Colleague: 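After the structure tokens below, expect a handful of questions from me.
Below, chain A is the first sequence line, B the second, and so on; all start at residue 1. Note that the structure is a prediction, hence the values are computed from the model and not measured.
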There are 2 protein chains.
Amino acid sequence: MLIGKKDKADISRARILDAAAGLFRQYGYGQVSLRVIAEAAGMKSGSLYYHFASKEAIVVEVLDLGIEMVHQKVDTAICAMSEQASAGELLHAGILNHLQALFAFSDYTSANVRIYGQVPDEVRKANRRVRRRYEALWMSILSRAEESGGLRASVDHDAFKLMLIGSLNATLEWFDPVKDDVQKLADSYTEILLGGLLNHVESNV
Amino acid sequence: MLIGKKDKADISRARILDAAAGLFRQYGYGQVSLRVIAEAAGMKSGSLYYHFASKEAIVVEVLDLGIEMVHQKVDTAICAMSEQASAGELLHAGILNHLQALFAFSDYTSANVRIYGQVPDEVRKANRRVRRRYEALWMSILSRAEESGGLRASVDHDAFKLMLIGSLNATLEWFDPVKDDVQKLADSYTEILLGGLLNHVESNV
DNA sequence: GTCTATAGCTCGATAGAC
DNA sequence: GTCTATCGAGCTATAGAC
């Protein structure tokens, strides 16, 4: 999952992080011991301390990577879009790339979604910076979409951003990218988030 | 949180479950020891075994209650609605009552959302039954809404149900019912889910 | 860089007094 | 019903050989 590494230390570091991400995702933070992380990474528990100062140092890096991999993919995709892109096109691209990154790096992203609320305070605080940056990216996507026209004025951007990220991340709990097509999932979520459930003739509530 | 109990055993049981739900929510399953559950419930760890056979037996009950409390509130609210209720009214009622129950019993509901993916297999399997029942309730709400007319045919009910439950549950991670109004949150989510983000003149994607 | 060995601690669970 | 006491196991982290 982590690529582009060169020397032995970098390779071992990456193996430890990959192993930890997968185990944290499946069993939570507290249930995963350094012994099983080491075993999954192909070494003994004592050797972990050559690469990381503590269990907390490992989880900090796993959590940050879980956000940063999504951030980078969405950012790159949005930056590459034409100036003339419509609001619908921008949002569809953001949703699709968020979902693609979510499932491409699912051990890291799912570990983040699942254990963020359960790690020690200092760990959570460290990850908060990265989370805020990703939320800010979505605010800028919404601003750009608004400039291109077509957004309903009654929808609060901040609420929409939180709802969008929350609903997309929740797909990690049930969607299977092997059985089903992420592209179709993105189309389906875009359809609902942009167009809503109701026919547009009647006013809701 | 758990009320209507009578004798000493029932009271102690309820205190144990309340304590466990709050601790599981905050620290996850693996990091919470029976000793701290017992302390939070006002007893010693050995005493827990008079009420529960194991740590797993406690978490099974916490997880089930987290779904059942929401199920019951939503079911009651929907059943009480007039036959002439519109699709928008039905969905708003479902969304509002789901959110209200989510925050009224937040230790149980949040514990469920957070640790479901990390508990032992048999525990997760036990909770799956209750989850399926709640999803079925939402399918019946969507069917009833469709009969009353006004739903876009292009929206898949199954995808919408998963997205709705996922996005509502995700509010547990950021919404503060003390600082803000759950009613307003429900209005805001209903607005987006039923009407979408875009102006209805343009077609999306 | 990775190993073995282990210190010091906490865990879930049980047994038996009251 | 709740207590105390304890078993055997597993935990994070460290020390030092290789």
Colleague: Does this structure show an ion pair linking A:Lys161 with A:Asp158, if we count only N-O contacts that are shorter than 4.0 Å?
Modeller: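 Yes, A:Lys161 and A:Asp158 are salt-bridged.
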Colleague: Drop me the distance from B:Gln84's CD to B:Ser148's OG, to the nearest 0.5 angstrom.
Modeller: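 It is 11.0 Å, given to the nearest 0.5 Å.
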Colleague: Which of these nucleotides, D:dA13, C:dG1, C:dA13, is closest to any side-chain atom of A:Lys55?
Modeller: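 Selected nucleotide (nearest to the side chain): D:dA13.
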Colleague: Respond yes when some side-chain nitrogen or oxygen of B:Lys8 is under 4.0 Å from OP1 or OP2 of D:dG1, and no when none is.
Modeller: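 Indeed not, no polar side-chain atom of B:Lys8 lies that close.
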Colleague: From the options D:dG1, C:dA13, C:dT2, select the nucleotide whose nearest atom is closest to the side chain of B:His51.
Modeller: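 Nearest nucleotide to the side chain: D:dG1.
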Colleague: Any donor-acceptor pair under 3.5 Å linking the side-chain atoms of A:Asp75 with those of A:Tyr134?
Modeller: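 A:Asp75 and A:Tyr134 do not have a side-chain donor-acceptor pair below 3.5 Å.
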Colleague: Any Lys/Arg nitrogen of A:Glu173 or A:Arg114 sitting under 4.0 Å from an Asp/Glu carboxylate oxygen of the other?
Modeller: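 The answer is yes: the pair qualifies as a salt bridge.
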Colleague: Tell me which residues in residues 25-37 of chain B put a heavy atom below 4.0 Å from DNA chain C, sorted by number, or none.
Modeller: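 Per residue number, the list reads B:Val32, B:Ser33, B:Leu34, B:Arg35.
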Colleague: Atom CG of A:Leu48 and atom C1' of C:dT2: how far apart are they, to the nearest Å?
Modeller: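 It works out to 11 Å between those atoms.
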Colleague: Which heavy atom of B:Val70 sits nearest to which heavy atom of B:Ala101, and what is that distance?
Modeller: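 The pair with the smallest heavy-atom distance is CA-CB, 3.7 Å.
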Colleague: Is atom OH of A:Tyr27 surrounded by more than 12 heavy atoms (other residues, nucleotides or ligands) closer than 6.0 Å?
Modeller: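 Counting neighbours around OH of A:Tyr27, 12 or fewer heavy atoms of other residues, nucleotides or ligands fall under 6.0 Å, so no.
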Colleague: Can you measure from CZ (B:Phe103) to OG (B:Ser110) and round to the nearest 0.5 angstrom?
Modeller: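 Rounded to the nearest 0.5 Å, the CZ-OG separation comes out at 8.5 Å.
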Colleague: Within the sub-3.5 Å range, which N or O atoms of nucleotides 14-18 of chain C have a protein N or O partner, and how far apart are they?
Modeller:
none

Colleague: Looking at D:dT4, C:dT2, C:dA13, which one has an atom nearest to any side-chain atom of B:Lys44?
Modeller: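 Closest nucleotide to the B:Lys44 side chain: D:dT4.
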Colleague: Enter the distance from B:Asp187:CG to B:Ile192:CD1 here, rounded to the nearest 0.5 Å.
Modeller: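 Reported to 0.5 Å precision, the distance equals 11.5 Å.
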Colleague: Closest to the B:Ser12 side chain: D:dA13, C:dC3, D:dT2?
Modeller: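 Between D:dA13, C:dC3, D:dT2, the one nearest the side chain of B:Ser12 would be D:dT2.
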Colleague: Would you indicate, yes or no, if C:dC3 has its OP1 or OP2 atom less than 4.0 angstrom from a side-chain nitrogen or oxygen of A:Ser47?
Modeller: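 Indeed, a polar side-chain atom of A:Ser47 lies that close.
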Colleague: Consider only side-chain N and O atoms of A:Glu56 and A:Ser54, and report whether a donor and an acceptor are under 3.5 Å apart.
Modeller: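 No.
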Colleague: Send over the distance from A:Glu39 CD to D:dG10 P, rounded to a whole Å.
Modeller: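 After rounding, the reported distance stands at 13 Å.
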Colleague: Please report the distance, rounded to the nearest Å, between CZ in A:Phe52 and P in C:dG1.
Modeller: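 Rounded to whole Å, this separation is 14 Å.
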Colleague: Taking the minimum atom-to-atom distance to the side chain of B:Met43, which one of D:dT4, D:dT2, C:dA13 wins?
Modeller: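 That would be D:dT2.
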